[in-house]
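Data block below; observations after.
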Amino acid sequence: MTNVRVRFAPSPTGYLHVGGARTALFNWLYARRNGGVFVLRVEDTDAARNTPEAVAAIYSGLKWLGLDWDEGPDCGGPHGPYLQSERQHLYDAALAKLEAKGLTYVEENGAVRFRSPRETVVLPDRICGEVKIDRSKEPDMTIRRPDGSYIFHFVNVVDDIDMRITHVIRGEDHIFNTGKHIELFRALDAEPPEYAHIPLILNDDGSKMSKRDQGAAVGYYVDNGFVPAAVRNYLCLLGWSPKDDREVMALEEIQALFDWEHLNHSNARFDMEKCRWMNGEYVKAQSAEEFARDAEAWLRGSASAVDEEDPRHGVSFRALVRLLTGGEPSEDEATEVLRLKSASPLLANPGSGLLAGVLGLIKPKVRVVPEIAEHLVMQFDPRSPVAMDAQAKVMGQADAGSRLACLAGHFEAMVHWNADHVQEGVAGAAKELGVKVGALMFPLRVAVTGQGHGVDLVPLLALLGKEETVQRLRHRGPLLTA
RNA sequence: GACCUCUUCGUCUAGCGGUUAGGACAUCGCCCUUUCACGGCGAGUGCACGGGUUCGAUUCCCGUAGAGGUCGCCA
């Protein structure tokens, strides 16, 4: 197979669908695997929907996923232009060729139709096998509208011929169109390319993924701070398999194995839980700096998206983000910032390294960046309420009140404050009380954070500082055991 | 409705005539642990159904059912 040339040919609808993204990914993988060329062609024949923003969404989505193209509207190439809206002359020429052969006729209103041979088209599909498409009873397809604009089937084929496309890898929803397309290839004296119709990606309930569904657009993953390589990796696993137990795979590994044999034949449901798990695997592999960069970007963007209904965007959260990132608070946030500062010695004088410290603590706990919001509010807003179940558990313990008071006393007596000193304080209290250190940890956690779960406790206390820790203990301890 | 494709745990998948049907996500349990996690170990749940072919079918063939797709002067 020499000179493999594949293409991704989206129409600009304003967003990049994950199904489309996976189609692009598979085309890209096939090209890269075979030393071929990956062409991006924008099918913007529908003038109403064709906006620069919609085209930009395609570029940014593909780039975010790490896909690059060798020929395309932005970078040009030997078979351009790559915007269908600029290729009218080529379509006119191709139409003239069909007209010359007597293969077209004009409707009363001016629409042009292609005279179908009305035969059964045999499609040798690399994935579906030999598919027979009976075209004998189908009406002639329209190839040009009365206003002179051309129909998808026609421009698609003319472009594939002109751009020397050798393999068409596209969604299975196109399989019937291929009958029409092969007719056109033949009418234009061109050899049809090889076809591979890949199964579709469905929602978790088996329905078709549409724009409205969460996660249907690549933008969703961008906005929610997903790691591009993780989403890409997960997408590869939908309809493709290395045929062994590998799942977390480098792109190079996937590329090296990418061939028809490894492609599935059945539709796959998108499992957001597993996608998030996959993202978590990539987060674990990230450096603290990489994670902090993604997290901070998300925090800044998220704090701008005011939505009081969503606790992630409530005013407390936004104020907290302003404090930590140094962003400019709005009026209501500024008030909240003052409240936070008066409630928290730590936040009253946040050090420059506080955000990095906070994110370092949270990183091991999250699979996807937005999960940091919950941790942020729960652990770093001293006013956050005590979780009922955690409180019940603490109250069930004997002497919880005096133990917490004892802990506070030992902490207060510390001259210096770091993780080792926190350990020392807890150990001292444990010794005095005659209990194991482990018996103190849970009540301590609940008293300080109000939660039964959260980030690693000792480093958290070290980060919070002595004053904040003691204040929370003194304040919340009695409430817990009253 | 017609036509096309598909059918292994809830989900993604391995399996290409003989396997205790493997892995992953999710769920549950245990262990590890100074807390929370991570991690480790383990459990449960699956070959859609009915016929063939065969010494033997998850695997091959034919039906049935189910799911998805397509039937545009959208792409």
Side-chain angles (χ1 to χ4, degrees), chain A residues 9-13 20 42-46 48-49 84 107 109-113 123 125 127-129 131-135 137-139 141-147 149-156 170-179 197 199-202 204-208 234 236-248 261 264-278 280-281 284 361-362 364-367 375 379 390 422-423 426-427 430 435-446 448-449 451-461:
Chain A
S11 66
T13 57
V42 176
E43 308 218 328
D44 57 347
T45 55
D46 188 345
R49 288 194 295 187
Q84 284 187 333
E107 297 275 352
N109 67 0
V112 179
R113 284 185 187 264
L123 161 62
D125 194 271
I127 293 171
C128 302
V131 181
K132 294 183 180 66
I133 302 170
D134 182 6
R135 303 268 314 136
K137 293 178 185 66
E138 298 300 317
M141 71 179 119
T142 304
I143 57 178
R144 198 183 72 167
R145 303 186 188 89
D147 68 1
S149 63
Y150 290 93
I151 299 297
F152 159 71
H153 305 294
F154 184 68
V155 294
N156 191 268
R170 62 182 13 167
E172 203 182 47
D173 51 341
H174 279 294
I175 203 154
F176 270 96
N177 290 334
T178 306
H197 286 91
L200 273 22
I201 300 179
L202 275 25
D204 55 5
D205 65 355
S207 62
K208 192 175 179 179
Y234 180 70
C236 283
L237 261 25
L238 257 25
W240 177 90
S241 159
K243 304 292 184 191
D244 56 32
D245 292 342
R246 279 176 291 175
E247 292 201 313
V248 179
E261 294 300 302
N264 280 151
H265 298 191
S266 54
N267 294 347
R269 299 179 184 209
F270 194 100
D271 184 349
M272 187 58 84
E273 274 307 306
K274 187 154 185 177
C275 185
R276 292 163 70 89
W277 165 80
M278 179 68 78
E281 295 301 298
K284 277 180 207 155
L361 277 177
I362 296 176
K365 304 293 171 187
V366 304
R367 297 179 304 170
H375 286 285
Q379 325 274 317
V422 173
Q423 298 267 28
V426 177
V435 299
K436 288 200 289 188
V437 167
L440 296 179
M441 293 300 275
F442 189 78
L444 177 59
R445 170 183 292 283
V446 178
V448 173
T449 70
Q451 299 292 322
H453 58 92
V455 303
D456 200 7
L457 189 56
V458 170
L460 171 66
L461 299 192

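Nucleotide B:rU70 holds its C1' atom 13 Å from the CZ atom of A:R170, rounded to whole Å. In this structure, the CD1 atom of A:I362 is 16 Å from the C1' atom of B:rC38, given to the nearest Å. The nearest whole Å value for the distance from the CZ atom in A:R135 to the C1' atom in B:rU70 is 12 Å. Going from atom CZ of A:R246 over to atom P of B:rG22 covers 21 Å, rounded to whole Å. We find that CD1 of A:I175 is positioned 14 Å from P of B:rG69, with the value rounded to whole Å. With rounding to whole Å, A:H174 atom NE2 is found 10 Å from B:rC71 atom P. Here B:rC25 presents its P atom at 11 Å from CZ of A:R367, a figure rounded to the nearest Å. Rounding to whole angstrom units, CE of residue A:M141 and C1' of B:rU70 are separated by 15 Å.
On the C1' atoms, B:rA57 is 34 Å away from B:rC41, given to the nearest whole Å. Nucleotides B:rU13 and B:rC60 have their C1' atoms positioned 22 Å apart, rounded to a whole Å. When the P atom is compared between B:rA43 and B:rA21, the two are found 14 Å apart, to the nearest whole Å. Remark: the separation of the C1' atoms in B:rG52 and B:rU45 is 31 Å, to the nearest Å. B:rU19 and B:rC47: their C1' atoms are spaced 13 Å apart (whole Å). Distance noted for atom C1' between B:rU64 and B:rU11: 26 Å (whole Å). One P atom belongs to B:rU59, the other to B:rC49, and the distance between them is 10 Å to the nearest Å. Separating the C1' atom of B:rG44 from that of B:rC55 is a span of 35 Å, rounded to the nearest Å.
Across all strands shown, B:rG44 forms no Watson-Crick or G-U wobble pair with both key distances under 3.5 Å. Applying the Watson-Crick and G-U wobble criteria (two distances, each under 3.5 Å), B:rU54 pairs with nothing in any strand. With a cut-off of 3.5 Å on both Watson-Crick or G-U wobble distances, the partner of B:rC49 is given as B:rG63. Using the Watson-Crick or G-U wobble rule with both distances under 3.5 Å, B:rU20 pairs with nothing in any strand shown. Summarising the base pairing, B:rC25 is matched to B:rG10 through a Watson-Crick or G-U wobble pair whose two defining distances lie under 3.5 Å. Base pairing annotation: B:rG1 forms a Watson-Crick or G-U wobble pair with B:rC71, both donor-acceptor distances under 3.5 Å.
Counting any heavy atom pair closer than 4.0 Å across all strands shown, A:K284 reaches sugar-phosphate atoms only and no base atom.
Here A:H174 pairs with A:F152 under the ring pair (Phe, Tyr, Trp, His ring centres under 6.0 Å) rule; sequence neighbours left out. Every residue meeting the ring pair (Phe, Tyr, Trp, His ring centres under 6.0 Å) condition with A:Y150, not counting sequence neighbours, appears here in chain and number order: A:Y91, A:F154. In this structure, A:F176 has no ring pair (Phe, Tyr, Trp, His ring centres under 6.0 Å) partners at least two apart in sequence or on a different chain. Judged as a side-chain contact (heavy atoms from CB on, under 4.5 Å), and not counting sequence neighbours, the contacts of A:P242 are A:W240, A:D244, A:R246, A:M249, A:L257.
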Step-by-step side-chain contact (heavy atoms from CB on, under 4.5 Å) determination, A:L461 to A:L444: CA-CA 10 Å; A:L461 299 192; A:L444 177 59; 3.7 Å; yes
Test side-chain contact (heavy atoms from CB on, under 4.5 Å) applied to A:H153 and A:N177, step by step: CA-CA 7 Å; A:H153 305 294; A:N177 290 334; 3.2 Å; yes
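A donor and an acceptor atom, one from each side chain of A:R145 and A:S149, are located under 3.5 Å apart.
Between A:C128 and A:H197, the closest heavy-atom pair is SG-O, 3.9 Å.
Ranked by how close their nearest RNA chain B nucleotide is to the 5' end, A:R113 and A:W277 are led by A:W277.
For B:rC25, neither phosphate oxygen OP1 nor OP2 lies less than 4.0 angstrom from any side-chain nitrogen or oxygen of A:R276. For B:rC73, the OP1/OP2 oxygens have a side-chain nitrogen or oxygen of A:T142 closer than 4.0 Å. Listed pair A:K132 / B:rU5 fails the phosphate criterion, with no side-chain N or O lying under 4.0 Å from OP1 or OP2.
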Heteroatom pairs (N/O) under 3.5 angstrom, protein to nucleotides 11-16 of chain B:
from: B:rC12; atom 1: OP1; to: A:R269; atom 2: N; distance (Å): 3.1
from: B:rC12; atom 1: O2'; to: A:L237; atom 2: O; distance (Å): 3.1
from: B:rU13; atom 1: OP1; to: A:G239; atom 2: N; distance (Å): 2.9
from: B:rU13; atom 1: OP1; to: A:N264; atom 2: OD1; distance (Å): 3.2
from: B:rU13; atom 1: O5'; to: A:N264; atom 2: OD1; distance (Å): 3.4
from: B:rA14; atom 1: OP1; to: A:K243; atom 2: NZ; distance (Å): 2.6
from: B:rA14; atom 1: OP1; to: A:N264; atom 2: ND2; distance (Å): 3.4

Look for any protein N or O under 3.5 Å of an N or O in nucleotides 28-36 of chain B and output each such pair with its distance, or none.
from: B:rU34; atom 1: N3; to: A:Q423; atom 2: OE1; distance (Å): 3.2
from: B:rU34; atom 1: O4; to: A:Q423; atom 2: NE2; distance (Å): 3.1
from: B:rU35; atom 1: O2'; to: A:R445; atom 2: NE; distance (Å): 3.1
from: B:rU35; atom 1: O2; to: A:R445; atom 2: NH2; distance (Å): 2.2
from: B:rU35; atom 1: O2; to: A:L457; atom 2: N; distance (Å): 3.3
from: B:rU35; atom 1: N3; to: A:D456; atom 2: OD1; distance (Å): 2.7
from: B:rU35; atom 1: O4; to: A:D456; atom 2: OD1; distance (Å): 2.3
from: B:rC36; atom 1: O4'; to: A:R445; atom 2: NE; distance (Å): 3.4
from: B:rC36; atom 1: O4'; to: A:R445; atom 2: NH2; distance (Å): 3.1
from: B:rC36; atom 1: O2'; to: A:G454; atom 2: N; distance (Å): 3.0
from: B:rC36; atom 1: O2'; to: A:G454; atom 2: O; distance (Å): 3.0
from: B:rC36; atom 1: O2; to: A:K365; atom 2: NZ; distance (Å): 2.3
from: B:rC36; atom 1: O2; to: A:G454; atom 2: O; distance (Å): 3.4

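Nearest nucleotide to the side chain of A:A111, out of B:rC73, B:rC25, B:rG69: B:rC73. Taking the side chain of A:L200 as heavy atoms from C-beta on, and the options B:rG68, B:rU5, B:rC73, the nearest nucleotide is B:rG68.
Note: A:E247 CD to A:L237 CG = 5.5 Å, rounded to the nearest 0.5 Å. A:Y234 OH to A:F270 CZ: the interatomic distance, rounded to the nearest 0.5 Å, is 5.0 Å.
You'll find the side chain of A:R170 reaches within 4.5 Å of the side chain of A:T178, heavy atoms only.
Note on A:R144 versus A:E107: no salt bridge recorded, every NZ/NE/NH1/NH2 to OD/OE distance being 4.0 Å or above.
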